[in-house]
Amino acid sequence: MLSKKIIGWYQKNKRDLPWRKTQDPYKVWLSEIILQQTRVEQGLPYYNEFVKKFKTVNDLATASEDEVLRTWQGLGYYSRARNLHFTAQHVSNNLNGVFPSTYKELIKLKGIGAYTAAAISSISFGENRAVVDGNVYRVLSRIYEIDTPINSSKGIKEFATIAQDLISPENPADYNQGVMELGARVCLPRNPKCSICPIIDHCGAYKNKSHDKYPVKLKKQKSRNRYFNYLVINHNNSLYLNKREGSDVWNGLFEFFLIETISATEDMEILEENFPSWLNDIKKIGNPTSSKQVLSHQNIYAKFWPIEINTLEKTISESFYSSYNIEQLPKHRLIEKYLLDNNI
DNA sequence: AACACGGGGTA
DNA sequence: TACCCAGTGTT
């Protein structure tokens, strides 16, 4: 029995991770959101920080969005943090602080999709729902040598069916975590450790030495380039910061005054045309520094222009922050790195 | 169905 | 470089 072997292997070889010591749906939920598209090693310190700072779903619900984003800072995919906060408020205010206990109810919550609903319902409530994540795609595609692209709608359905057929109703929690653990530590994307694999006898890819062919994935489009010119506007050791809004990257995070151009430029005239109207009493403009940030679909080429001003209009003074206050605000990596490099 | 959404690790 | 990571929401 394939599932029994996976469960047995998992119980003997599982890593000692904090979210594996509890079935509390709040903590399981936190761990699952944090680990979406994120390695265990990268997510672990964030998980510890979240459970320490927000001990219950009500604590998370009553925190400000800025504080939640600040705690999330550096993890990426910030909509996860905004949805986390939204769902905490929903559970706290409308569900009496009690998490739903079924897949069908869980998947209705913002930020919880098929994977996370299956994970929480199986781990916290023992529901017989198979998870399908990147690890599962890899393990299953190799065992059965399936070449349907995992990111096609046909593939998504096909793998979901196979996974659900394979799960052991006697221990869905350990089976689910077992396949993922196997994918993460044995059935690696490159150079899989077949010699220590507990289900080597079931694996078509091992038999045919075809593991490099699986899983099959449709190629994504290549990234576009963007050119961000940041004005680092300084008045009495306070800096102008602005919260990003809208559907672009880094929604909800703070940054300096941004002028986006269609290409890299050091032409001050082009930038001056786009200065805000309140930026009218400039003392000095320093030399720019450059940096680059690679995102999943964009390469951001950034230039930072330090600008000192003499006087500040009252209407805009609330957007200037001292070094201490900047520390409390959620910022993306580009800004965080600039502040770090300049000892701010 | 295709695309956007971060940041870091690995070979 | 290219690919991957305990995926989800929007268009």
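First the proteins, then the strands, lettered A, B, ... as listed; each starts at 1. What's counted below: heavy atoms across the whole structure, side chains too, no hydrogens, waters or symmetry copies. Everything numeric here is computed off the predicted structure, so don't read it as measured data.
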Counting primed atoms, P, OP1 and OP2 as sugar-phosphate and everything else as base, the B/S/- map of nucleotides 2-11 of chain B against protein heavy atoms under 4.0 Å is -SBBBBBBBS
Determine, for A:Arg333 against A:Glu336, whether the closest basic-nitrogen to carboxylate-oxygen distance falls under 4.0 angstrom.
no
C:dA6 and B:dA11, which share atom name P, separated by this distance in whole Å:
14 Å
For DNA chain C, whose closest nucleotide is more 5', that of A:Ile107 or that of A:Tyr10?
A:Tyr10
So what does A:Trp72 hit on the nucleic acid, given a heavy-atom distance under 4.0 Å: a base, only sugar-phosphate, or nothing?
nothing
Main-chain N/O of A:Tyr206 paired to A:Lys209 side chain as donor or acceptor, under 3.5 Å
no
Name every residue in residues 110-146 of chain A that has at least one heavy atom under 4.0 Å from any atom of DNA chain B, in order of residue number, or write none if there are no such residues.
none
Assert yes or no for the condition that the ring centre distance of A:Trp305 to A:Phe275 is strictly below 6.0 Å.
no
Just checking A:Lys220: base, sugar-phosphate only, or nothing, at a heavy-atom cut-off of under 4.0 Å?
nothing
Run A:Glu105 and A:Lys108 through salt bridge (charged side-chain N to carboxylate O under 4.0 Å, His left out) and show every step you take.
CA-CA 6 Å; A:Glu105 293 299 316; A:Lys108 292 178 185 168; 3.1 Å; yes
A:Phe99 side, atom CZ; A:Ser92 side, atom OG - distance, nearest 0.5 Å:
10.5 Å
Pick the C1' atom in B:dG6 and in C:dC3, then give their distance to the nearest Å.
15 Å
Output yes when A:Glu170 and A:Lys4 qualify as a salt bridge under the 4.0 Å nitrogen-oxygen rule, no when they do not.
yes
Just by modelled atom types, is the A:His211 backbone N or O under 3.5 Å from a matching donor or acceptor in the A:Arg142 side chain?
yes
What residues, two or more places apart in sequence or in another chain, satisfy side chain to side chain contact (heavy atoms under 4.5 Å, CB included) together with A:Pro172?
A:Ser122, A:Asn128, A:Ile167
Under 3.5 Å, which donor-acceptor pairs do the side chains of residues 184-199 of chain A form with other protein atoms, sequence neighbours left out?
unit_1: A:Arg185; atom_1: NH1; unit_2: A:Asn13; atom_2: O; d: 2.8
unit_1: A:Arg185; atom_1: NH1; unit_2: A:Glu181; atom_2: OE2; d: 3.0

Tell me, please, which residues at least two apart from A:Lys21 pass side chain to side chain donor-acceptor pair (under 3.5 Å).
A:Asp16
Does the A:Asn299 side chain pair with the main chain of A:Asn225, one donor and one acceptor, at a distance under 3.5 Å?
no
5' to 3' contact window, DNA chain C with chain A (heavy-atom distance under 4.0 Å):
C:dC4 to C:dG9
